[in-house]
Amino acid sequence: MKPACTRMFAAVALVTFFGAVWIPAVYAQEPPKVTRQVLLKQDMTIPDREAVMVVVELQPGSEEGRHTHPAELYVFVQEGTLLLESEGKDNVTYKAGDVYYIGPGKVHNGKNNGTVTTRLMAFLVAEKGKPLSAPAK
C-alpha cells in the first residue's frame, strides 16, 4: 500500500472508531437524579384521604425542585443528608436518622449537597384523587 493510502485508511478507521464510541454516549440517557417509588397507597378511614408511603432517592448534587403536596408529609431520612428549603423557615440540613414534617400546600425543596445518595422514607396523608405533588408557582 502507498503511504498516502495507508494514512487515509488510518484516518477513516480513527474517525469510524471515535464515531462509534462518541455517538452512543451523546444519545445515552442519563439516569434520573431523583427517583420516587410508591410502596403503598391505601384509602384511610378519614373521609377523602389516602395514606401513601414513598421511597425517595436523590443522587449527589441533585434536588427535587420547588414543589407542594396536597398532603401532610412526614419524612424519615434513612441514608445521606438533605438540605431542606421550606417556605417561611430557615434552611435545615437533615442527616440519617432525622425526621421532619411539612404541612399541606407548603412550598419546599430538598437538595442533596453530599457525596452519597440520600434515601428518604416519606409518608403522606393525602387528599384522595389529587396528584401527590405539584411544581411551585
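- Atom OH in Tyr100 sits 6.5 Å away from atom NE2 in His108 (nearest 0.5 Å).
- A continuous path of ILVMFWY side-chain contacts below 4.5 Å connects Val56 to Val38, so both sit in one hydrophobic cluster.
- Linking Ile, Leu, Val, Met, Phe, Trp and Tyr residues whenever their side-chain heavy atoms come within less than 4.5 Å places Val55 and Tyr101 in a single cluster.
- Across all non-hydrogen atoms, the minimal contact from Val116 to Gly80 is CG2-CA, 4.1 Å.
- A donor and an acceptor atom, one from each side chain of Thr117 and Gln59, are located under 3.5 Å apart.
- Counted within 6.0 Å of CG on Asp90, heavy atoms from surrounding residues, nucleotides or ligands total 12 or fewer; the atom is thus considered open.
- Considering only residues two or more places apart in sequence or on other chains, Glu50 meets the side chain to side chain donor-acceptor pair (under 3.5 Å) condition with none of them.
- What you find for Leu124 and Ala71 is that their closest heavy atoms are CD2-CB, 3.9 Å.
- Within the 4.5 Å cutoff, the side chain of Val77 has no heavy atoms near those of the Lys95 side chain.
- Counting heavy atoms from C-beta on, the side chains of Val125 and Met44 come closer than 4.5 Å.
- Taking every heavy atom of both residues into account, Pro60 and Gly114 meet most closely at CB-O, 3.4 Å.
- Leu40 is not connected to Leu120 by any chain of hydrophobic side-chain contacts under 4.5 Å among Ile, Leu, Val, Met, Phe, Trp and Tyr, and they are in different clusters.
- The aromatic rings of Phe123 and Tyr74 lie tilted to each other, with the angle between the two planes from 30° to 60°.
- Residues Val34 and Val75 are members of one and the same hydrophobic cluster, defined by side-chain heavy-atom contacts under 4.5 angstrom among Ile, Leu, Val, Met, Phe, Trp and Tyr.
- Here the CD atom belonging to Glu72 is positioned 7.5 Å from the CZ atom belonging to Arg49, to the nearest 0.5 angstrom.
- For His69 (side chain) and Pro104 (main-chain N/O), no donor-acceptor pair under 3.5 Å exists by modelled atom type.
- Looking at heavy atoms from C-beta onward, Asp43 lies in side-chain contact with Lys128 at the 4.5 angstrom threshold.
- Here the closest heavy-atom approach between residue Asn109 and residue Lys111 is recorded as ND2-CE, 3.5 Å.
- Two residues are said to be in side-chain contact when any heavy atoms from C-beta on lie closer than 4.5 Å; Leu83 and Asn91 meet this criterion.
- In terms of heavy-atom proximity, Gln78 sits nearest to Ala96 at O-CB, 3.6 Å.
- A salt bridge is defined here as a Lys NZ or Arg NE, NH1 or NH2 lying under 4.0 Å from an Asp or Glu carboxylate O, and Arg36 with Glu64 meets this definition.
- Taking CG of Asp98 as the start and CG of Leu84 as the end, the distance is 11.5 Å to the nearest 0.5 Å.
- Side chains of Asn113 and Thr81 form no contact here, defined as non-hydrogen atoms less than 4.5 Å apart.
- The CD atom of Gln42 sits 12.0 Å away from the CE atom of Met53 when rounded to the nearest 0.5 Å.
- At least one donor-acceptor pair under 3.5 Å links the side chain of Asn112 to the backbone N or O of Leu58.
- Nearest heavy atom pair, residue Glu127 against residue Lys130, reads OE1-NZ, 2.9 Å.
- The shortest distance between side-chain heavy atoms of Leu132 and Val52 falls below 4.5 Å.
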